[in-house]
Each structure stands twice: as C-alpha cells, then as structure tokens.
Amino acid sequence: MAGTVDGRLKELGIEIPTPAAPAANYIPFVKSGNLVFVSGQIPLVAGKIEGIGKVGQDLTTEQAKAIARICAINLIAQAKAACGGDLDKVTRVVKLGGFVNCVDGYTEQPEVVNGASDLMVDVFGDKGRHARFAVGTNALPRGVAVEVEAVFEVA
C-alpha cells in the first residue's frame with residue numbers, strides 16, 4: 001500500500017528514481033539522530049546529466065528553476081533510501097542549500113532554487129517548508145547549472 005507521500009508524488013506525476021551512486025569519495029547521505037544530511041544532488045535523469053551551462057548565458061532563470069526541480073527529485077530519492085523506502089517517515093524538510101552556476105552580476109539565484117523549494121512543499125505540504133540558502137558560483141561539478149543539498153528530519 002502506497003503511503004501518503006507516495007500518493008502525492010503519483011498525483012504530481014513524479015516518479016522517484018533509483019538514487020545515484022556517489023561520483024567521488026563521499027556517501028550520498030548521513031543519518032545523525034533524527035536528521036538525514038543529503039549530499040548535493042545534480043540534475044541526473046535516467047543516468048544522464050541535464051542542465052549543463054551557466055545561468056544568464058546558456059540557460060534562463062526559468063530553465064534553471066526546472067533544473068533545480070530535478071535536483072530536488074534526486075534529493076527525495078536519497079531521502080527515500082535513508083528512510084528504508086518509506087517517505088512518510090520524513091517529518092520535516094529542515095534546510096535546502098542551492099548553488100547556481102551563473103555569470104557575474106546574476107542575482108536571481110533565489111528564483112532558481114525555488115524550483116527545489118516549491119517541489120518540497122508540493123510533495124510534503126507544510127512539512128516541506130524549510131530554511132534555505134541560494135548562492136551563485138562560477139562553476140559546479142560536471143558543468144551543471146544547479147546543485148542542491150538538503151537536511152531532512154525523519155521519524
């Protein structure tokens with residue numbers, strides 16, 4: 001029987017992928033007490049990297065917002081693994097951290113990271129409201145436009 005969160009994902013037409021394996025010397029998440037710290041997720045879709053380039057040059061804010069949403073889906077995949085497959089164990093999305101690969105002078109990082117934030121609220125409701133940061137940078141791994149990390153509280 002699907003849980004409440006799984007039902008919401010189905011309503012939204014979102015399929016949670018198998019979580020990606022680490023690409024370097026780290027683990028995808030760490031559980032400490034009731035918190036799950038999820039390593040930064042890039043926009044992987046079916047094993048292929050999406051959203052390569054700089055925001056403000058190669059991608060618009062709206063395109064980058066869609067890329068941030070993909071990162072958030074991958075964060076949820078890691079959280080699901082951390083919860084033994086039961087996303088109803090997530091009691092709170094505590095914090096998101098968003099990194100935007102952008103040109104000098106670009107100032108719409110918050111709008112980009114809203115792609116991840118909006119998805120967390122859509123999926124988890126009030127439990128998805130979180131603290132957050134959104135910063136610009138000159139480069140991200142593999143040339144992606146967006147990377148997002150998260151902290152979840154779990155039962």
Side-chain angles (χ1 to χ4, degrees), residues 1-32 35-90 93-103 106 108-109 111-124 128 130 132-152 154:
M1 181 171 154
T4 304
V5 176
D6 285 333
R8 184 68 186 130
L9 287 164
K10 188 173 181 176
E11 286 174 16
L12 293 168
I14 297 170
E15 187 172 325
I16 298 301
T18 300
N25 188 16
Y26 65 92
I27 55 177
F29 61 83
V30 171
K31 289 178 80 171
S32 181
L35 297 178
V36 175
F37 296 81
V38 180
S39 296
Q41 298 295 298
I42 63 172
L44 276 174
V45 177
K48 180 178 180 263
I49 297 174
E50 302 284 332
I52 302 290
K54 284 197 175 293
V55 184
Q57 174 182 300
D58 307 307
L59 296 137
T60 67
T61 297
E62 282 304 309
Q63 289 170 320
K65 183 177 179 180
I67 295 304
R69 185 177 189 275
I70 294 168
C71 295
I73 290 169
N74 292 329
L75 288 168
I76 293 170
Q78 295 292 354
K80 186 172 184 173
C83 291
D86 184 2
L87 283 169
D88 287 340
K89 289 183 179 178
V90 172
V93 179
V94 177
K95 185 174 183 180
L96 294 184
F99 302 91
V100 180
N101 177 4
C102 56
V103 296
Y106 182 82
E108 296 180 1
Q109 294 87 355
E111 289 83 354
V112 170
V113 180
N114 277 346
S117 292
D118 293 348
L119 183 70
M120 292 300 174
V121 175
D122 288 347
V123 171
F124 295 103
H130 52 271
R132 163 184 116 170
F133 67 80
V135 298
T137 184
N138 67 326
L140 285 171
R142 312 294 184 249
V144 298
V146 182
E147 180 175 358
V148 185
E149 66 176 19
V151 179
F152 294 88
V154 298

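We use all heavy atoms of the structure for the numbers below, so side chains are in, but hydrogens, waters and symmetry mates are not. When a residue number appears, it is its place in the shown sequence, counting from 1. If you're wondering where the values come from, they're calculated on a predicted model, not measured in any experiment.
Listed by chain and number, the residues in a side chain to side chain contact (heavy atoms under 4.5 Å, CB included) with V135 are F99, F133 (sequence neighbours excluded). With sequence neighbours excluded, no residue forms a salt bridge (Lys or Arg N to Asp or Glu O under 4.0 Å) with K54. Residues forming a side chain to side chain contact (heavy atoms under 4.5 Å, CB included) with V45 (at least two apart in sequence, or on another chain): E50, I70. Residues meeting the ring-ring contact (aromatic ring centres under 6.0 Å, His included) test with F124, sequence neighbours left out: none. Partners of F29 according to the side chain to side chain contact (heavy atoms under 4.5 Å, CB included) rule, which considers only residues two or more places apart in sequence or in another chain, are K31, V36, V38, Q78, A81, A82.
A heavy-atom distance below 4.5 Å is not found between the side chains of V5 and I76. Contact annotation: the side chain of L9 approaches that of L87 to within less than 4.5 Å [non-hydrogen atoms, C-beta and beyond]. Side-chain contact check for K89 versus F152: every heavy-atom pair is 4.5 Å or farther apart.
Pairs of residues two or more places apart, or lying in two chains, that qualify as side chain to side chain donor-acceptor pair (under 3.5 Å) and include a residue from residues 132-147 are N114-R132, S117-R132. The salt bridge (charged side-chain N to carboxylate O under 4.0 Å, His left out) analysis of residues 67-87, with sequence neighbours excluded, yields the pairs D6-K80.
Heavy atoms only, all atoms of each residue included: P28 and A20 are closest at CB-O, 4.5 Å. Nearest heavy-atom pair, V148 versus C71, reported as atom, atom and distance to 0.1 Å: CG2-CB, 3.8 Å. C102 approaches G136 most closely through the heavy-atom pair SG-CA, 3.7 Å. In plain terms, the two heavy atoms of V90 and C83 that are nearest each other are CG2-SG, 4.1 Å. Residues A145 and V55 share a closest heavy-atom pair of CB-CG2, 3.9 Å.
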Go through the steps for L96 and L75 under the test side-chain contact (heavy atoms from CB on, under 4.5 Å), then give the verdict. CA-CA 10 Å; L96 294 184; L75 288 168; 4.1 Å; yes
Check the pair V144 / I52 against side-chain contact (heavy atoms from CB on, under 4.5 Å), numbers first and verdict last. CA-CA 4 Å; V144 298; I52 302 290; 4.2 Å; yes
Starting from the C-alpha separation in whole Å, work towards a yes-or-no answer on side-chain contact (heavy atoms from CB on, under 4.5 Å) for L140 and I42. CA-CA 9 Å; L140 285 171; I42 63 172; over 6 Å; no
Determine, stepwise, if the pair V100 / V113 fulfils side-chain contact (heavy atoms from CB on, under 4.5 Å). CA-CA 8 Å; V100 180; V113 180; 4.0 Å; yes
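The closest donor-acceptor contact from the side chain of N74 to the backbone of L44 lies under 3.5 Å. A donor-acceptor distance shorter than 3.5 angstrom exists from the side chain of S39 to the backbone of I27, with no hydrogens or angles considered.
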In residues 60-68, what donor-acceptor pairs under 3.5 Å come from side-chain atoms, sequence neighbours left out?
from, atom 1, to, atom 2, distance (Å)
T60, OG1, E62, N, 3.4
T60, OG1, Q63, N, 3.1
T60, OG1, Q63, OE1, 3.4
T61, OG1, Y106, OH, 2.6
T61, OG1, E108, OE1, 2.5
Q63, OE1, T60, N, 2.8

Report, one line per pair, each donor and acceptor closer than 3.5 Å where one atom sits in a side chain of residues 10-19; sequence neighbours left out.
from, atom 1, to, atom 2, distance (Å)
E11, OE1, R8, NH1, 2.7

